[in-house]
There are 2 protein chains.
Amino acid sequence: MTVQRRVIMEALAERKDHPTADQLFDTVRQRLTGISRTTVYRVLETLVGIGVAQKISNPEAKARFDADTSLHHHLVCERCQAIGDIHEPALNQIRLPEDNGTGFAITGYSINFSGVCPGCRTTKH
Amino acid sequence: MTVQRRVIMEALAERKDHPTADQLFDTVRQRLTGISRTTVYRVLETLVGIGVAQKISNPEAKARFDADTSLHHHLVCERCQAIGDIHEPALNQIRLPEDNGTGFAITGYSINFSGVCPGCRTTKH
DNA sequence: TGTGAATTCATACTAAGTGGTAATTTATTG
DNA sequence: CAATAAATTACCACTTAGTATGAATTCACA
């Protein structure tokens, strides 16, 4: 466990907006001058690999990360692409399709709700 | 409606693997020599805008497109990132969380199942 | 505190996507 | 069917996101 990993993990854990690797890099470099961009990318992959963070599925062309690895779901804003969390126990009861005819061995799932975030709702058009 | 749009739409509609913009560009350029990469990107955004195609949420850092805009869900392979469709009526009955405490105006949803695809299941490791 | 292994830094690179402008092409209208 | 205005496309350069490689540093443990 290195200083870099701790700082990156902390930076990810303290925010709820599912940042991209470059966003985290901008945050982390202010706390740890000289940290390299490559390190942030690599450490994030490591964190995902050991199961303390996850990549969020999203329609944008960039990876987004989340320090919350519990079963929960996401709200994606159609306008500004912001991503919010939704913890709703009722959504965690979905029966995994066993015989789905696709041959996939399903291990988990996550629901992406699309909609319009509070900020974009109040902004005209 | 231009030739380019028709060819791109056809190329997207005839495949089920949710291709990226560059994958479509490679296909389309063989049918329409001289078509520009930018055009493929722009037309795909247009097709999404008019509602005849959609962007698929996925954990990779690239946009994936789908000509099927009906309510259905996706299977994402953890190993090779392949994306398959799953049409399961039971999954289309989810009640949209009304009072979700987030202020989001929810308009739709899609479930991403994670797992291992048939190809990767039979390949060791 | 020394040593080997793992991690990080620096740099350069590839891949994915965007922006601006001139040139085409389309659709429309007479 | 030809003229023309509007929309679309091509070309080029550029930004952003992510990856590869090897040298240098740091960590963990004896």
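Each chain gets a letter, A, B and so on, in the order its sequence line appears, and its residues count up from 1.
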Item to check | Full working for side-chain hydrogen bond (donor to acceptor under 3.5 Å, both in side chains) between B:His73 and B:Asp85 | outcome: CA-CA 6 Å; B:His73 309 284; B:Asp85 288 309; over 6 Å; no
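- Place B:Arg42 and B:Gln4 on DNA chain C by their nearest nucleotides, and B:Arg42 ends up nearer the 5' end.
- Exactly one residue among A:Asn112, A:Asp17, A:Ile56 makes a side chain to side chain contact (heavy atoms under 4.5 Å, CB included) with A:Ile83. That residue is A:Ile56.
- Rounded to whole angstrom, the span from the CD1 atom of B:Ile35 across to the P atom of D:dA10 amounts to 5 Å.
- For a distance-only test at 3.5 Å, the side chain of B:Thr39 fails to qualify as a donor-acceptor partner of the base of D:dT8.
- Heavy atoms of A:Arg37 sit under 4.0 angstrom from at least one base atom.
- Using modelled atom types, one side-chain atom of B:Tyr109 and one backbone atom of B:Ile94 make a donor-acceptor pair closer than 3.5 Å.
- For B:Asp22, the side-chain atoms get nearest to C:dA16 when compared with the rest of D:dA17, C:dA16, D:dT8.
- When distances run from any side-chain atom of A:Thr38 to the nucleotides C:dG17, D:dT19, D:dA28, the shortest one goes to D:dT19.
- Summary of the strand contacts: A:Thr20 and B:Gly34 both lie near DNA chain D, and taking for each the nucleotide with the nearest heavy atom, the more 5' one is attributed to B:Gly34.
- Rounded to whole angstrom, the span from the CG atom of A:Leu44 across to the C1' atom of C:dT7 amounts to 15 Å.
- At distances below 3.5 Å, at least one donor-acceptor pair connects side-chain atoms of A:Thr46 with backbone N or O atoms of A:Arg42.
- Whole-Å rounding puts the A:Gln23 CD to D:dA17 P distance at 8 Å.
- B:Phe25 has its CZ atom 14 Å from the P atom of D:dT9, to the nearest Å.
- For the pair A:Tyr41 OH and C:dT8 C1', the computed distance is 17 Å after rounding to whole Å.
- In this structure, A:Met1 places its CE atom 11 Å from C1' of C:dT7, rounding to the nearest Å.
- Looking at A:Thr2, its side chain has no donor and acceptor atom pair within 3.5 Å of the base of C:dA6.
- Listed nucleotides: D:dA17, C:dC9, D:dT9. Nearest to the side chain of B:Arg5: D:dT9.
- Taking every side-chain heavy atom of B:Ala61 into account, D:dG18 is the closest of C:dA10, C:dG17, D:dG18.
- Taking the six-membered ring for Trp, A:His18 and A:His74 have ring centres closer than 6.0 Å.
- Going from atom CG of A:Leu32 over to atom C1' of D:dT25 covers 14 Å, rounded to whole Å.
- One can place NZ of B:Lys55 at 8 Å from P of C:dG17, the figure rounded to the nearest angstrom.
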